[in-house]
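Order of listing sets the numbers, starting from 1, for every ligand and every atom in it.
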Amino acid sequence: MRVLVVGSGIAGLTCALEASARHDVTVVTKAGVADGATRWAQGGVAVVWDADGAAAGDSVAAHVADTLAAGDGLCDPSAVELLCSEGPAAVADLVRRGVAFDRRGEAYARATEAAHSAARVLHVDGDATGAAVEAALVESLRRSGVTVLEHTAVADLVVRDGAVVGVRTARGAEIAADAVVLATGGAGHLYPFTTNPAVATGDGLAAALRAGAVVGDLEMYQFHPTMLAVPGGSLVSEAVRGEGAVLRDADGRRFMLDVDPRAELAPRDVVARAIARRMAEQGGAPVVLDATALGAEHLARRFPGLTAQCAAHGLDWGRVPVPVAPAAHYWMGGVRTDLDGRTSLPGLLAVGEVARTGVHGANRLASSSLLEGAVFGTRCARALDLPRREPDVVDVDVVALGGGTEPLSRPDLQAVMWQGAGLVRDAAGLAAAAATLDAAVAAPGDDVVTALEDRNLLDLARALVAGATAREESRGAHHRSDAPGHAPGPARAVLLVAKGEVAPC
Ligand code: SIN
């Protein structure tokens with residue numbers, strides 16, 4: 001079978017490597033093979049890992065319970081069960097491929113992160129887990145015989161007789177395939193502040209939406225509480241708070257103590273909103289992350305990358321608290337899949353951040369994205385040998401794409417999204433955002449890839465706002481000031497399809 005994997009982070013490369021023993025696999029990626037978000041992951045891999053025989057005081061059941069609690073009622077429990085129970089085998093595969101997780105003496109080092117009931121986060125070189133994972137997978141890929149097409153942006157899926165039969169690149173070439181696996185990650189650049197790399201513009205999700213795939217939970221965008229709030233600043237891992245760093249406002253007060261009994265280690269959505277509220281109360285100034293009690297020596301040893309990042313910005317975080325603010329981090333929503341990555345379109349699979357398996361619900365638990373890529377990347381590869389999924393009947397809303405005429409630049413789109421569909425939303429703000437987006441057409445880009453990305457961001461912004469408008473409640477990362485609390489009855493997913501014929505890029 002000719003398999004085309006679009007994207008080259010942990011999800012795509014795991015799927016490609018697992019599939020390469022049985023299939024003719026090609027990986028297509030927009031930039032260099034290692035330029036995706038995986039390389040940027042700091043915290044690590046949350047897993048119940050007992051390969052060293054050390055008593056972790058932890059269990060798969062506890063990991064499942066933590067994941068479900070963070071997901072705020074919207075997770076698919078069977079997806080969570082798979083993630084946590086198949087996690088150790090997937091991590092063993094990473095070790096086999098050369099990922100050397102940090103040890104303390106003979107035992108593996110395990111870190112604590114927010115909303116985890118046990119220390120279970122494995123890491124590499126302190127805060128460089130993603131870089132180590134990506135390097136090991138790329139090295140395995142080079143030895144695997146998989147064809148890799150770098151600097152090849154995918155514009156659209158090619159659909160014939162209702163099935164996906166390949167992709168069309170931004171430069172107009174068609175690549176035929178018996179199965180296309182989307183592993184294109186998220187779209188942090190929907191917002192002006194993001195922890196994501198430049199490539200994260202939702203290209204696969206937008207192409208799937210235009211091709212008619214069912215997508216879901218798009219209103220669930222996770223904002224990480226702590227991005228270094230200086231020009232060019234990037235993520236400051238949750239693991240820093242896990243080690244004991246605290247958040248303080250402009251008066252030096254530890255404001256999280258008033259918000260949640262778990263304080264700085266409450267789930268991400270709770271901490272991010274509390275920071276945003278405090279920032280608004282203090283005239284927009286960032287809060288600070290105070291890691292000084294950990295000591296400069298410990299910080300340099302445990303977080304060498306972050307220590308270097310702070311120093312590059314002239315900050316000595318061992319002595320002085322550093323400014324932080326929330327930023328768009330991870331999209332829980334995506335292309336709706338079954339537990340094996342199969343989407344509503346025959347021939348199309350999706351895995352990793354671009355997919356909505358139901359594993360994260362309304363809020364992803366810290367350090368579970370690498371785990372998701374490893375577990376579901378493997379499952380997705382195996383699904384290539386399964387029969388095509390039978391279409392199921394689902395209740396969907398429709399979203400209109402295209403039709404606007406007012407040019408909207410990327411910064412203007414990002415400002416609309418931050419204002420109307422950011423950390424806190426309401427009906428009026430969402431309606432205003434929808435009106436601007438509906439009237440808009442992406443401003444002409446400087447080059448064909450930028451133009452494609454801008455078009456994708458506009459299509460996705462419309463879909464996210466439609467999802468957020470449809471969900472008239474607050475749940476996890478989706479907080480409506482005009483509808484605080486859960487709606488009565490069981491949580492339901494907001495599923496969307498694009499309306500009518502959608503012009504390809
Ligand atoms: C972090 O290190 O805080 C980010 C890891 C994640 O998003 O799971």
Side-chain angles (χ1 to χ4, degrees), residues 9-11 36-47 63 66-67 70-71 80 83-84 87 90-91 101-102 109-116 119-134 185-188 193-197 200 220-229 233-245 247 264-272 275 289 291 299 302-307 309-310 317 322 324-332 352-353 359-376 476-477:
I10 184 170
T38 292
R39 188 158 59 95
W40 291 36
Q42 294 175 6
V45 186
V47 65
H63 192 188
D66 292 346
T67 307
V80 175
L83 177 79
C84 300
V91 171
F101 289 104
D102 293 339
R110 294 170 174 82
T112 306
E113 288 190 27
H116 285 279
R120 60 167 77 100
V121 180
L122 302 180
H123 47 81
V124 184
D125 294 338
D127 55 7
T129 313
V133 165
E134 184 70 16
F193 310 108
T194 180
T195 62
N196 292 182
M220 297 301 177
Y221 214 108
Q222 180 170 80
F223 295 86
H224 196 287
T226 56
M227 177 164 146
L228 197 61
S234 54
L235 175 71
V236 181
S237 176
E238 189 130 38
V240 181
R241 279 173 283 131
E243 290 282 314
L247 292 162
E264 286 83 3
L265 294 182
R268 275 186 188 167
D269 60 315
V270 175
V271 182
I275 292 176
L289 181 70
L299 287 172
R302 175 69 180 84
F303 302 112
L306 281 167
T307 301
Q309 188 204 160
C310 288
W317 72 329
V322 295
V324 290
H329 184 60
Y330 187 93
W331 211 343
M332 275 77 71
E353 189 174 350
V359 84
H360 303 306
N363 186 35
R364 179 171 67 77
L365 190 61
S367 283
S368 50
S369 58
L370 295 178
L371 186 69
E372 174 188 20
V375 168
F376 287 92

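Contacts of A70 classified as side-chain contact (heavy atoms from CB on, under 4.5 Å), with partners at least two apart in sequence or in another chain: N363, L365. With sequence neighbours left out, A239 forms a side-chain contact (heavy atoms from CB on, under 4.5 Å) with E113, S237, R302, F303.
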(request) Apply side chain to side chain donor-acceptor pair (under 3.5 Å) to the pair T195 and H329, showing each step before the final yes or no. (result) CA-CA 5 Å; T195 62; H329 184 60; 2.6 Å; yes
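Here is the list of ligand 1 atoms found below 4.0 Å of a heavy atom in H329: 4 (C), 6 (C), 7 (O). Which parts of ligand 1 touch A366 is read off a 4.0 Å heavy-atom cut-off, strictly below it: atoms 8 (O).
Judged by the shortest distance from any of its heavy atoms, A41 lies outside the 4.0 Å radius around the atoms of ligand 1.
Close N/O approach between R364 and ligand 1 is found [any backbone or side-chain N/O within under 3.5 Å]. Ligand 1 has a nitrogen or oxygen under 3.5 angstrom from a nitrogen or oxygen of G43. The N/O atoms of E238, backbone and side chain alike, include one that comes under 3.5 Å of an N/O atom in ligand 1. The N/O atoms of R268, backbone and side chain alike, include one that comes under 3.5 Å of an N/O atom in ligand 1. Between H224 and ligand 1, at least one pair of N/O atoms sits closer than 3.5 Å.
Below 30°, between 30° and 60°, or above 60°: for Y221 and W331 the angle between ring planes is between 30° and 60°, a tilted geometry. A tilted orientation is assigned to the rings of H63 and H116, their planes being inclined by 30° to 60°.
The nearest protein atom to atom 8 (O) of ligand 1, hydrogens excluded, is given as S367 N, 2.6 Å; this is a heavy-atom distance. In terms of protein heavy-atom proximity, atom 2 (O) of ligand 1 is nearest to S237 OG, 2.7 Å.
Closest non-hydrogen pair, E372 versus E353, comes out as OE1-N, 4.5 Å.
Between D102 and D125, the closest side-chain pair of non-hydrogen atoms falls below 4.5 Å.
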